[in-house]
Amino acid sequence: MNNTNNRNNTANTNHTKNIDLRDLTRAQLSELLLSIDLPPERAPQIFSQLQRPGLHNIEQLELKRDIREHLGAHVRLSRLRIKEVESSADGTRKYILRLEDGLLIESVLIPGHGRYTLCLSSQAGCAMGCRFCLTAGLGFRRNLRPAEITGQVLAVMEDMLRRKMGNGRPRELINNLVFMGMGEPLANYDHLLTALHILMDQQGLEFTRRRITISTCGLIPALKRLPGAVKVNLAVSLHAADNDLRDQLMPINRRHPLDDLLAACRAYPLPRKGIILFAYLMLKGINDQPAAARALSKKLTGIPCRVNLLPFNESRELPYKRPDKETINEFKAILQQAGYTTIIRDSRGGDISAACGQLALRESKTKA
Ligand code: SF4
């Protein structure tokens, strides 16, 4: 190799060394290989190995030694480490995961009828400031990179395999992914999209559109862009049927008012028989009155949807209370009479602070 080539190689290495292989889609990986003088047709083989739980470093890649070493000299591979796992009496498992810079995030594995749903975080902390949510109290730290989103899936799968859960086939361990953990997914739009492309890739874990749900508090511009970029299920957090109350509960409503949000939902392109899932947190004496149910049913007119009523999980840090069963049932009956499929969905893992709105990393205050 002549001097010029050497210089080019060194410059190339410096340029790419910070690239984390797990941040890349298969197409991006192919481009990267080309840029560091490796055959791009290796991309599918490398990509599928990167999406295997238990692969922690480049040396573990099944590749010819010279290719592996060349790759290792140019790029790196990140990994999320499990700091702690808490188990709930109902089988829910909350994973506290450490990012490379020491920040902690949480993912929650929820069992049900022989199936597993994994609730993922999209940001460290959250900037949205919803009044009923403990994550909001952490403030916003930063967006998660694609590798930190997909890494949650791999870390939890690795733990499941270690515990001999499932049939040993990683692809069949987790049935559904829901982005309802820490952070607002659509506020981390670009990284979310990349992570979705990685998770849905047929050479990787191959989560189909029906197995992934993105939940948003109502970032309308990103909501409008989403269906053109990726097809997944959509959940929208409403929690109020009028602007005044929603302004108080969810500051995002001052920027993107309820009627604009519902107009965007009405225009959202759904597949045949597709629906939007509306989440409605029930807060005693705040939004649980029959009049609120009637107002909600009017607001949702024309949107193919299901309403999930979420009785609030009380915590000492927040002033809200859970309505009694009768009130919740009456609310549900009004929506059902208006023709809406309505489900009362009690959050899981309340005893380990893993339920909706409870992800607040209490442990991080004592710093691991
Ligand atoms: S409910 Fe969601 S969007 Fe609102 S503050 Fe909590 S994590 Fe953020």
Side-chain angles (χ1 to χ4, degrees), residues 94-97 99 103-108 110 117-144 148-149 152 177-189 191-192 195 212-223 226 233-240 243 245-258 260-261 264-265 276-283 286-287 307-315 317-320 322 345-350 353-362 364:
K94 180 170 79 174
Y95 292 82
I96 300 169
L97 300 159
L99 308 177
L103 285 176
L104 300 174
I105 55 165
E106 295 179 342
S107 314
V108 181
I110 307 153
T117 296
L118 183 62
C119 180
L120 297 169
S121 293
S122 52
Q123 300 180 309
C126 186
M128 295 296 136
C130 302
R131 300 284 179 255
F132 45 80
C133 171
L134 290 174
T135 308
L138 295 172
F140 175 67
R141 304 301 294 276
R142 68 172 174 83
N143 282 329
L144 299 189
E148 292 168 332
I149 297 173
Q152 295 170 62
L177 299 176
V178 294
F179 285 79
M180 297 180 182
M182 302 171 89
E184 161 56 48
L186 295 186
N188 185 12
Y189 187 82
H191 289 174
L192 173 76
I212 298 180
T213 301
I214 303 295
S215 172
T216 179
C217 66
L219 290 184
I220 296 176
L223 181 65
L226 187 68
N233 298 318
L234 179 68
V236 177
S237 300
L238 289 182
H239 311 326
N243 268 322
L245 180 57
R246 201 163 186 270
D247 277 353
Q248 288 171 39
L249 294 174
M250 303 174 75
I252 185 70
N253 197 66
R254 293 178 209 146
R255 241 194 307 154
H256 299 301
L258 184 60
D260 294 354
L261 174 60
C265 290
I276 292 177
L277 174 69
F278 288 114
Y280 191 95
L281 188 66
M282 297 212 63
L283 305 165
I286 308 268
N287 65 356
V307 181
N308 275 5
L309 300 176
L310 315 169
F312 181 67
N313 293 297
E314 293 182 14
S315 81
E317 289 95 335
L318 294 169
Y320 303 107
R322 168 190 287 247
R345 180 132 290 175
D346 240 324
S347 281
R348 310 283 300 273
S353 299
C356 278
Q358 287 193 327
L359 301 185
L361 285 166
R362 290 194 172 88
S364 71

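Residue numbers run from 1 in the order of the sequence given. In listed order, ligands and their atoms are each counted from 1. In this text the structure is predicted, and so the values were computed from the model without any measurement.
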For ligand 1, which atoms sit closer than 4.0 Å to a heavy atom of [X]?
X: Cys133; result: 1 (S), 5 (S), 6 (Fe), 7 (S)
X: Gly183; result: 7 (S)
X: Ala136; result: 5 (S)
X: Met128; result: 3 (S), 8 (Fe)

**Message:** Once rounded to the nearest 0.5 Å, what's the spacing between atom CG of Leu134 and atom CG of Asn313?
**Reply:** 9.5 Å
**Prompt:** Would you say the side-chain atoms of Asn188 and Gln123 include a donor-acceptor pair closer than 3.5 Å?
**Reply:** no
**Item:** Flag for Thr216-Glu184: side-chain donor and acceptor within less than 3.5 Å
**Value:** yes
**Heavy atoms of other groups near Arg131 CZ, more than 12 under 6.0 Å** = yes
**Request:** Report the residue from Phe278, Phe132, Tyr320 that forms a ring pair (Phe, Tyr, Trp, His ring centres under 6.0 Å) with His239.
**Result:** Phe132
**Asked** Any N/O/S of Cys126 under 2.8 Å from atom 6 (Fe) of ligand 1?
**Response** no
